[in-house]
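Every heavy atom of this structure was used, including side-chain atoms; hydrogens, water molecules and symmetry mates were not.
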Amino acid sequence: MEVGRKCHEREHVQFNSQDLDQEQNVHMDPVQLNTQNVQIFYEKEDLSSVITGNTYKGKSGEIAAGVKILLFFGYGYEENIPVYRTKSDSDGNYRIEDLPPGFYCLAAQYGDYPVKKYLIKLLPGQTIHQTIVF
């Protein structure tokens, strides 16, 4: 090895006149589209849910007829407008049909009794029975 001798590296590029005369078109943003056909089949055609129930006065089991039933979307009661209104029949029964799945607040009003509130989660095609006792 020789002392004081520097080693230089050079990059050698050779141009061909033919390469310089040709125009090059290169697309820098290639796009690849992958598409798939996905088919979903439901075995059950009707996915609507139902809420049913009975209304009673006290633990004695006396039927409370004509109870005002209000149904609200979500968990709110005071600030929302009900999406469904009904009353219990002479046997204390009520039924709310054709509901989409989701979260609901069921409120019941009867005479001078305090308002009863129930939070309900409905799944697709589910029927829930909610007994209301004042």
Side-chain angles (χ1 to χ4, degrees):
M1 185 170 182
E2 294 180 30
V3 178
R5 186 172 184 188
K6 293 184 181 179
C7 195
H8 295 286
E9 291 184 20
R10 290 185 178 176
E11 186 176 316
H12 297 285
V13 178
Q14 183 177 17
F15 292 103
N16 186 338
S17 63
Q18 182 181 1
D19 292 338
L20 296 175
D21 291 341
Q22 293 178 356
E23 184 177 324
Q24 300 282 329
N25 288 326
V26 178
H27 186 60
M28 299 303 291
D29 298 317
V31 176
Q32 180 179 356
L33 299 175
N34 293 329
T35 59
Q36 295 179 348
N37 291 331
V38 177
Q39 296 179 354
I40 300 173
F41 296 97
Y42 291 107
E43 289 184 22
K44 189 174 182 179
E45 291 181 14
D46 185 14
L47 298 177
S48 61
S49 302
V50 178
I51 299 174
T52 63
N54 307 91
T55 55
Y56 299 102
K57 288 189 271 184
K59 294 182 181 181
S60 65
E62 184 182 345
I63 293 173
V67 175
K68 186 176 179 182
I69 309 288
L70 304 171
L71 188 68
F72 299 89
F73 278 131
Y75 296 119
Y77 161 66
E78 291 84 9
E79 66 276 352
N80 290 331
I81 297 172
V83 294
Y84 195 90
R85 297 171 195 251
T86 190
K87 287 187 175 185
S88 61
D89 63 14
S90 60
D91 294 327
N93 301 318
Y94 68 92
R95 183 176 180 91
I96 304 171
E97 298 178 324
D98 297 326
L99 295 170
F103 294 93
Y104 294 91
C105 178
L106 181 78
Q109 298 174 338
Y110 183 67
D112 294 333
Y113 291 96
V115 174
K116 295 284 187 168
K117 294 183 277 186
Y118 302 90
L119 300 178
I120 297 174
K121 177 183 176 184
L122 285 177
L123 299 176
Q126 184 180 29
T127 298
I128 290 185
H129 185 85
Q130 180 64 58
T131 300
I132 301 170
V133 179
F134 289 95

*Please examine the side chains of Leu71 and Pro82, heavy atoms only from C-beta on, and report whether any two atoms are closer than 4.5 Å.*
no

*Ignoring hydrogens and angles, tell me if any N or O in the side chain of Ser88 forms a donor-acceptor pair with the backbone of Tyr94 under 3.5 Å.*
no

*Check whether any side-chain heavy atom of Val67 sits under 4.5 Å from a side-chain heavy atom of Ile132, and report yes or no.*
no

*Minimum heavy-atom distance between Lys116 and Phe134, given as atom pair plus value*: CG-CE2, 3.7 Å

_Linked, directly or transitively: Ile96 and Phe103 (ILVMFWY side chains, under 4.5 Å)_ = no

*In terms of hydrophobic clustering (I, L, V, M, F, W, Y; side-chain heavy atoms under 4.5 Å; direct or indirect links), are Phe73 and Leu99 co-clustered?*
yes

*Can you measure from OG (Ser48) to CD (Glu97) and round to the nearest 0.5 angstrom?*
8.0 Å

*Under 6.0 Å between the ring centres of Tyr104 and Phe72?*
no

*Going by heavy atoms in the side chains, are Ile128 and Lys121 under 4.5 Å from each other?*
no

_Residue pair Leu106 / Gln130: nearest heavy atoms and the distance that separates them_ = CD2-CG, 3.9 Å

*Same cluster (ILVMFWY, side-chain, under 4.5 Å), Ile69 and Tyr113*: yes

*Linking I/L/V/M/F/W/Y whenever any side-chain heavy atoms sit under 4.5 Å apart, do Val133 and Tyr110 land together?*
no

*Distance from Ile63 atom CD1 to Tyr56 atom OH, nearest 0.5 Å?*
6.5 Å

*Looking only at non-hydrogen atoms, find the nearest pair between Ala64 and Lys57 and report the distance.*
CB-CG, 3.7 Å

_Is there a continuous path of hydrophobic side-chain contacts, each under 4.5 Å between heavy atoms, that joins Leu119 to Ile51?_
no

*Does atom CG of Leu123 have more than 12 heavy-atom neighbours, drawn from other residues, nucleotides or ligands, at distances under 6.0 Å?*
yes

*Quick one: does Asp89's side chain have a donor or acceptor within less than 3.5 Å of a partner on Asp91's backbone?*
yes

*asked:* Nearest 0.5 angstrom please: His129 NE2 to Asn93 CG, how far?
replied: 8.0 Å

*Which atom of Gly66 lies closest to which atom of Lys87, heavy atoms considered*: O-CD, 4.2 Å

_Please find the pair of heavy atoms, one from Gly125 and one from Ser49, that lie closest to each other, and give the distance._
N-OG, 3.6 Å

